[in-house]
Asker: 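Quick one: structure below, then a few questions.
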Protein chains: 2
Amino acid sequence: MKNQFDYIDQQILTKLREDARKAFSQIAEELNVSNSLIHQRIKKLTSEGVIKNAEFVLDEKKLGYKTKSYTGIRLREARFAKEVMRELEKIDEIVECNFVSGNYAIFILIFARDNEHLQKILYDKVHLINGVAGTDTFICFDTCFKRNFVIE
Amino acid sequence: MKNQFDYIDQQILTKLREDARKAFSQIAEELNVSNSLIHQRIKKLTSEGVIKNAEFVLDEKKLGYKTKSYTGIRLREARFAKEVMRELEKIDEIVECNFVSGNYAIFILIFARDNEHLQKILYDKVHLINGVAGTDTFICFDTCFKRNFVIE
DNA sequence: GCTGAAACAAGTAGTGT
DNA sequence: ACACTACTTGTTTCAGC
């Protein structure tokens with residue numbers, strides 16, 4: 001099964017994923033096509049939702065978030081999931097929230113200033129949410145690597 | 001304790017994190033400062049490593065990755081960690097790898113085409129790495145939210 | 001540490017094949 | 001589905017305050 005994306009689409013996505021500020025005109029030059037073709041393709045890919053947005057990636061440690069943790073949440077009863085999720089969304093330090101299979105109902109990613117701050121988030125906020133039975137926290141000592149998936 | 005970043009830095013980071021293609025000149029206008037000041041600040045923030053890079057965010061599902069999973073890896077002996085990590089890095093579908101505290105030594109994020117593909121990655125690749133005792137996989141049914149941390 | 005002007009490069013839209 | 005042209009806008013550098 002092949003994707004609905006041709007070589008030009010694939011190249012555009014690859015190049016812009018590496019550098020969102022890359023000039024469209026330069027991509028055109030590298031692919032030996034016109035400026036406006038690149039424009040049209042990007043417009044198409046954006047309207048299709050393949051391109052979601054463009055963002056600057058910032059260093060969270062340099063901005064004061066030294067403690068990163070993955071935390072699994074156990075629920076008292078499975079039916080609390082949505083309600084708990086809505087409460088979790090109110091906590092700014094929780095930057096990602098997933099419904100998952102397995103031991104935990106919900107799996108979250110937390111960026112805290114330090115370990116003490118993380119403890120406060122867990123004890124004074126997450127644990128007080130109605131329906132939360134308990135949490136298991138995996139503190140991230142080091143992100144060995146982080147990269148993009150392959151576009152085929 | 002305050003950050004070493006003033007209002008202009010903070011605004012630049014916030015605006016560019018929301019939209020990496022935003023014109024620097026427009027940021028200048030919004031903040032009522034000169035064009036070149038924005039340039040100088042961005043240069044400074046980039047050289048300091050606060051700004052890491054700029055990337056387009058793509059929809060992984062539309063590009064064929066339907067199954068996302070968080071997977072914890074248990075090691076036969078803790079000292080295998082680095083070696084195992086280097087082997088994990090060779091598997092393209094593993095897009096993030098962390099050393100963590102708790103039950104698992106290593107925690108990874110996998111983007112697979114479907115459940116069958118995920119199974120192959122785990123059984124035919126991860127489980128064959130020397131030092132890996134076992135894995136626990138949390139398949140992500142839904143990412144309820146994903147957002148940026150607050151810049152203060 | 002910041003501005004302003006000027007030269008250059010890129011983005012955008014319309015037209016034509 | 002693509003290229004060409006003309007017009008608008010943004011980027012970048014540097015002299016000067």
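Chain A is the first sequence line, chain B the second, and so forth, proteins listed ahead of strands; every chain is numbered from 1.
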Asker: May I ask you to say whether B:Lys125 pairs ionically with B:Asp92, meaning some side-chain N is under 4.0 Å from a carboxylate O?
Answerer: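 Between B:Asp92 and B:Lys125 there is no salt bridge, as every charged N stays at least 4.0 Å from the carboxylate O atoms.
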
Asker: When the distance from CD1 of B:Ile8 to P of C:dG1 is rounded to whole Å, what number comes out?
Answerer: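 One finds 12 Å between P of C:dG1 and CD1 of B:Ile8, rounded.
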
Asker: Looking at five pairs on each end of the helix from C:dG1-D:dC17 to C:dT17-D:dA1, what is the angle between the two axes, given to 10 degrees?
Answerer: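 Computed angle between terminal axes is 30°.
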
Asker: Ignoring hydrogens and angles, tell me if any N or O in the side chain of B:Asn98 forms a donor-acceptor pair with the backbone of B:Val100 under 3.5 Å.
Answerer: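 Answer holds: no.
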
Asker: Go through C:dG11, D:dC2, D:dT12 for me and flag the one nearest to the A:His39 side chain.
Answerer: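 So the side chain of A:His39 is nearest to C:dG11.
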
Asker: First locate atom CG of A:Leu75, then atom OG1 of A:Thr135, and finally report the distance between them rounded to the nearest 0.5 Å.
Answerer: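 Nearest 0.5 Å value for the CG-OG1 distance: 11.5 Å.
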
Asker: Got a salt bridge between A:Glu30 and A:Lys22, using NZ or NE/NH1/NH2 to carboxylate O under 4.0 Å?
Answerer: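 Yes.
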
Asker: Is the backbone N or O of A:Ala20 less than 3.5 Å from a side-chain atom of B:Arg21, with the two atoms forming a donor-acceptor pair by type?
Answerer: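 Present.
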
Asker: Looking only at side-chain atoms of B:Asn35, point me to the closest of C:dT3, D:dT12, D:dA3.
Answerer: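 Nearest listed nucleotide: D:dT12.
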
Asker: Quick check on contacts: within residues 18-32 of chain B, what sits under 4.0 Å from DNA chain D by heavy-atom distance?
Answerer: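 Residues of residues 18-32 of chain B under 4.0 Å from DNA chain D: B:Ala23, B:Phe24, B:Ser25.
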
Asker: Roughly, in whole Å, what's the span from CD1 in A:Ile12 to C1' in D:dC2?
Answerer: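 Checked: the CD1 to C1' distance equals 13 Å.
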
Asker: Measure CG/B:Leu16 against C1'/D:dG10 and give the value in whole Å, please.
Answerer: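 Spelled out: CG on B:Leu16 to C1' on D:dG10 is 14 Å.
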
Asker: Near B:Glu116 CD, under 6.0 Å, is it more than 12 heavy atoms from other residues, nucleotides or ligands?
Answerer: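 Check fails, neighbour count at 12 or below.
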
Asker: Does a side-chain N-to-carboxylate-O contact under 4.0 Å join A:Glu55 and B:Lys146?
Answerer: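 Salt bridge absent between A:Glu55 and B:Lys146.
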
Asker: Should B:Arg86 and B:Glu83 count as an ion pair when the cut-off is N to O under 4.0 Å?
Answerer: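 Judged by the 4.0 Å cut-off on N to carboxylate O distance, B:Arg86 and B:Glu83 do not form a salt bridge.
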
Asker: Before accepting this row, confirm whether a basic side-chain N of the pair A:Lys15/A:Glu18 lies closer than 4.0 Å to the acidic partner's carboxylate O.
Answerer: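 No, no charged N to carboxylate O under 4.0 Å.
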
Asker: If you take any heavy atom closer than 4.0 Å to DNA chain C, which residues from residues 40-50 of chain B end up in contact?
Answerer: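 Of all residues in residues 40-50 of chain B, the ones placing a heavy atom under 4.0 Å from DNA chain C are B:Gln40, B:Arg41.
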
Asker: Hydrogens and angles aside, do A:Asp114 and A:Thr67 bring a side-chain donor and acceptor to less than 3.5 Å of each other?
Answerer: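 Checked: A:Asp114/A:Thr67 side chains show no N/O donor-acceptor pair below 3.5 Å.
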
Asker: Hydrophobic cluster membership, with links at side-chain heavy-atom distances under 4.5 Å among I/L/V/M/F/W/Y: are B:Tyr65 and B:Phe56 in one?
Answerer: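 Result: yes, single cluster for both.
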
